[in-house]
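Report on one structure; see the data block that follows.
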Amino acid sequence: MPATTPPPPWTHWMPAPAPLAERVEFLMWVPPEASASHVHEVVPDANVDLLLELSDERCRAVLYGPLTHTIHVPSRAGHGYLVVHFHPGAMPGLVDASPSELVNESVELREVAGLSLDALGERLLAAGSPERMREELTPLLNRVPYPPGDSFDRALRHLLARPEPLRPGALADALHLSTRTLQRAFKERVGFSPRTYTRIARLQEALSALREHPTRSLSEVAHRIGYADHAHMTRDFRELTGRTPSDFRTPSPSGRGLG
């Protein structure tokens, strides 16, 4: 689950394997020697994350739902962390719950796709490399049910193809859908409304711009991302994260930020 500060050293980022490319955005492995005991700040996003915590004693698996506010996730020194970051709306059928039931929530799993956590942990620890871990995990996640394509997928493709966000009514018109149908599709797939989705997506884009262009003025960032002005961006940041855009310019000295 991406957070607000750079990941620790020796973090491995991996693209999704081909069989899961339409469902998984990326995988990330933080090895035991790179992890530390911290409380990591994770800001709102529309994605679902599977977090696997690995140690010699056990394997722990937690499914985190979409976020509309900041959460804090602890990590422990000497433990490895494997994260599967799913595309928006691609929540895997690992639990008997809907995305709306998991908004700002997490569920600790007892198994992954029918395999006990003890057995999964042994396989992953014996894999020997992040790439081999991905190979071990891929067939398990590939046999998990995923939501079928629907109006949400059409809406998401349309949003990703446009440089500026659309209001829900305009988006529904562009897709020749009723506003109610569009609202229902987003509620079923990401757990919240199209308006909330676009606010969170724009926040994530602004965070990326602040990290990648630290010398760019906040007014320029706001203009490029599609905010009406700097004040509107600051208001969204405060409402969604409890912090201002300036707070995300420099990594926190506390070391927060799960890679």
Side-chain angles (χ1 to χ4, degrees), residues 1-2 13-28 44-52 61-68 82-107 109 111-115 134-135 137-205 208 226:
M1 51 183 65
W13 298 83
M14 295 174 283
L20 295 173
E22 293 185 357
R23 299 158 180 168
V24 173
E25 193 168 328
F26 60 80
L27 292 87
M28 180 180 65
D45 69 23
N47 306 68
V48 169
D49 290 274
L50 173 63
L51 175 66
L52 296 166
V62 183
L63 190 70
Y64 288 89
L67 300 176
T68 61
L82 181 61
V83 177
V84 183
H85 191 66
F86 294 91
H87 284 297
M91 178 175 144
L94 293 169
V95 294
D96 185 17
S98 66
S100 59
E101 293 173 308
L102 282 185
V103 171
N104 300 320
E105 300 289 344
S106 63
V107 177
L109 308 180
E111 61 178 32
V112 173
L115 184 66
R134 180 179 60 180
E135 291 175 9
L137 199 55
T138 296
L140 293 175
L141 294 178
N142 200 33
R143 70 184 188 218
V144 172
Y146 291 87
D150 60 11
S151 299
F152 171 81
D153 296 283
R154 291 177 55 208
L156 185 60
R157 286 194 296 270
H158 195 84
L159 287 171
L160 293 175
R162 295 180 62 87
E164 73 282 351
L166 284 177
R167 294 184 179 278
L171 178 59
D173 290 343
L175 297 171
H176 307 290
L177 298 172
S178 69
T179 302
R180 179 176 296 181
T181 297
L182 186 67
Q183 295 275 358
R184 183 171 62 249
F186 272 77
K187 187 75 171 179
E188 290 175 352
R189 294 288 296 276
V190 295
F192 38 71
S193 70
R195 180 179 181 275
T196 298
Y197 173 85
T198 55
R199 286 184 75 202
I200 289 173
R202 188 164 56 176
L203 170 77
Q204 287 288 339
E205 190 174 355
S208 295

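Scope of the values below: all heavy atoms of this structure, side chains included, with no hydrogens, waters or symmetry mates.
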side-chain contact (heavy atoms from CB on, under 4.5 Å) filter on Asn142, not counting sequence neighbours, yields Pro19, Leu20, Arg23

Partners passing side chain to side chain donor-acceptor pair (under 3.5 Å) against Ser193 (at least two apart in sequence or in another chain): Thr196

The salt bridge (charged side-chain N to carboxylate O under 4.0 Å, His left out) partners of Glu188 (sequence neighbours excluded) come to none

Taken in chain and number order and not counting sequence neighbours, the residues that satisfy side-chain contact (heavy atoms from CB on, under 4.5 Å) with Ala16 are Val24

Listed pairs under 3.5 Å, donor-acceptor, residues 89-98 side chains, sequence neighbours left out:
unit_1, atom_1, unit_2, atom_2, d
Ser98, OG, Ser100, OG, 3.0
Ser98, OG, Glu101, N, 3.4
Ser98, OG, Glu101, OE1, 3.3

Arg195 atom CZ, neighbour heavy-atom count above 12 within 6.0 Å: no

Qualifying residues under side chain to side chain donor-acceptor pair (under 3.5 Å), relative to Gln183, sequence neighbours excluded: none

Is a side-chain N or O of Glu205 found less than 3.5 angstrom from the main chain of Gly226, in a donor-acceptor match? no

Looking only at heavy atoms, which two atoms of Pro17 and Thr138 are closest? And how far apart? CG-OG1, 3.2 Å

Of the non-hydrogen atoms in Leu50 and Ala61, which two are nearest, and what is the gap between them? CD1-CB, 4.5 Å

The criterion is side-chain contact (heavy atoms from CB on, under 4.5 Å); which residues satisfy it with Arg154, sequence neighbours excluded? Arg157, Leu175, Leu177

Any donor-acceptor N/O pair, Asp49 side chain to Val83 backbone, under 3.5 Å: no

Counting neighbours of CD on Glu22 that are heavy atoms of other residues, nucleotides or ligands and sit closer than 6.0 Å, is the number greater than 12? no

Between Leu182 and Ala155, which heavy-atom pair has the shortest distance, and what is it? CD1-CB, 3.8 Å

State which residues pass side-chain contact (heavy atoms from CB on, under 4.5 Å) with Ala113; sequence neighbours excluded, sorted by chain then number. Leu140, Arg143, Val144

Considering all heavy atoms of both residues, which atom of Val62 and which atom of Ser106 are nearest to each other, and what is their separation? CG1-CB, 3.8 Å

Would the distance check show the side chain of Asn47 and the main-chain N or O of Phe86 forming a donor-acceptor pair, the cut-off being under 3.5 Å? yes

Nearest 0.5 Å, what's the CG-CG distance between Leu203 and Asp45? 9.5 Å

Which atom pairs, donor and acceptor, lie under 3.5 Å between side-chain atoms of residues 145-152 and protein residues at least two apart or in another chain?
unit_1, atom_1, unit_2, atom_2, d
Tyr146, OH, Leu141, O, 3.0
Asp150, OD1, Phe152, N, 2.9
Asp150, OD1, Arg189, NH1, 2.8

Which heavy-atom pair separates Pro66 from Val48 by the least distance, and what is that distance? CD-CG2, 3.8 Å

